[in-house]
Amino acid sequence: MEIVTTFSDARARRSGIVGLVPTMGFLHEGHLALIEAATREADLVLVSLFVNPLQFDEDADLARYPRDLDRDAALAADAGADVLFAPSVDEMYPSPPVTRVRLASLTTTMEGAHRPGHFDGVATVVAKLFAGLQPDKAWFGMKDAQQLVVVSRMAQDLSLPVEVIGHPIVREADGLALSSRNVFLGPDERHAALSLSRGLFAAADAVRNGERAGRVLEGLVVEEVARSGAGLDYAELAGADDLVRLDRLDQRGFLAVAARVGETRLIDNVWLDEDGSAQVGQRLDQPSILYG
Ligand code: AMP
């Protein structure tokens, strides 16, 4: 695997079907699953690693975001990446961007409501990656459900010739959704963090048993999170295409939760269907590589 730091060097490596997996680094099995999926469908797999200042709404969160290029390079290579694109902030933003990609809808609820400007930053950097690297396909995690919908719609609206593919959530053995931020959780916080997935799994079970009312499904998550002492930002049942809040699960959608555990903000979701099926992702059967 080669490590490159400029768009032109990354583009020079293109051949055949080019797959892109955009990340902010500090890789875990969730990222690796995306890379492995990409190797099955693409001739050349590009992994980008860029902690994008434009999508952070809190300076402290940006400052403490975990970074380790050598570790990430070894993991990405092992998973089958061909090229790791790790640009500097200057390469990504040679001058402060006056052009931003802003969606006229889809970004005002859930994460968008709690993280002002976040999706402008995401849509802008992903548009830059799509334009500058020219991938044929790009993989995104269903863990960031709203982001997946936003990026897919952005690519479609701008006629960017990239197929956006969603990949199921990868979870730690106890159910906690993998996140680079999990490394910050102390033992008590980790215990509280489990309330997110526990609430979501209860809601998925309720759907399998016939429950369709949005308030009831959201309530199962709210109750678990409240009991743990974590600070709930939202628990919301949203339609998969337009992200509008659903009173009833009468179309494909997802139930998303965001909560603060100590200083760490976590998100998670389950994907639900009106036919009563639920997609909660897959679990590791051993401790995550996040913990060394
Ligand atoms: P990040 O580095 O957190 O920006 O994530 C990079 C990509 O990996 C995004 O498309 C995420 O949705 C995806 N991702 C992060 N965590 C997980 C997970 N636990 N399962 C599946 N995909 C994930």
Side-chain angles (χ1 to χ4, degrees), residues 19-38 45-57 61-62 64-69 71-73 75-76 79 81 84-87 92 110-111 115 118-119 121-130 135 137-152 154-155 162-185 193-194 196-197 200-201 254 256-258 264-271 279-284 287-291:
L20 172 66
V21 179
T23 83
M24 296 203 299
F26 217 76
L27 303 183
H28 51 63
E29 289 87 344
H31 301 113
L32 302 185
L34 267 58
I35 297 171
E36 284 157 12
V45 175
L46 273 167
V47 174
S48 66
L49 194 169
F50 181 64
V51 182
N52 176 31
L54 221 56
Q55 73 188 67
F56 281 79
D57 50 314
D61 189 27
L62 173 62
R64 79 168 190 155
Y65 202 84
R67 299 163 203 240
D68 188 336
L69 178 62
R71 174 187 176 279
D72 287 341
L75 289 168
L84 182 67
F85 172 53
M92 188 62 82
M110 297 181 286
E111 287 303 281
R115 304 187 64 186
H118 170 67
F119 284 120
V122 169
T124 300
V125 81
V126 173
K128 286 169 68 71
L129 290 169
F130 285 4
K137 301 180 179 208
W139 277 261
F140 289 83
M142 292 164 78
K143 154 104 185 315
D144 297 274
Q146 191 173 10
Q147 169 175 285
L148 174 60
V149 175
V150 163
V151 166
S152 304
M154 180 273 294
V162 183
E163 183 188 348
V164 173
I165 300 169
H167 192 277
I169 299 178
V170 183
R171 302 178 174 282
E172 299 197 30
D174 57 11
L176 181 66
L178 274 160
S179 162
S180 307
R181 293 183 174 91
N182 291 359
V183 296
F184 297 134
L185 299 172
L194 279 174
L196 280 73
S197 50
L200 291 169
F201 296 160
F254 58 84
V257 60
T264 307
R265 188 170 180 281
L266 299 172
I267 62 171
D268 196 354
N269 64 76
V270 290
W271 291 67
Q279 197 180 353
V280 304
Q282 55 215 36
R283 290 193 197 207
L284 302 179
S288 169
I289 52 172
L290 275 178
Y291 309 109

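Each ligand, and each atom within it, is numbered from 1 in the order the structure gives.
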Task: Distance (rounded to the nearest 0.5 Å) between L148 CG and M142 CE - done: 7.0 Å
Open item on the list: Which residues pass the side chain to side chain contact (heavy atoms under 4.5 Å, CB included) test with S179, not counting sequence neighbours?
Closed with: K143, R181, N182
Are any of the side-chain heavy atoms of [X] and [Y] separated by less than 4.5 Å?
| X | Y | value |
| --- | --- | --- |
| R115 | D61 | yes |
| Q147 | E111 | no |
| F85 | L20 | no |

List, for ligand 1, each N/O atom that has a protein N/O partner under 3.5 Å away, with both atom names and the distance.
unit_1	atom_1	unit_2	atom_2	d
ligand 1	2 (O)	M24	N	2.9
ligand 1	2 (O)	H31	NE2	2.9
ligand 1	5 (O)	H31	NE2	3.4
ligand 1	10 (O)	G141	N	2.9
ligand 1	12 (O)	G141	N	3.2
ligand 1	12 (O)	G141	O	3.3
ligand 1	12 (O)	D144	OD2	2.6
ligand 1	16 (N)	L178	O	3.4
ligand 1	19 (N)	V170	O	2.9
ligand 1	19 (N)	L178	O	2.9
ligand 1	20 (N)	V170	N	2.9

Task: Residue pair S180 / P66: nearest heavy atoms and the distance that separates them - done: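 Heavy atoms of S180 and P66 come nearest at O-CG, 3.8 Å.
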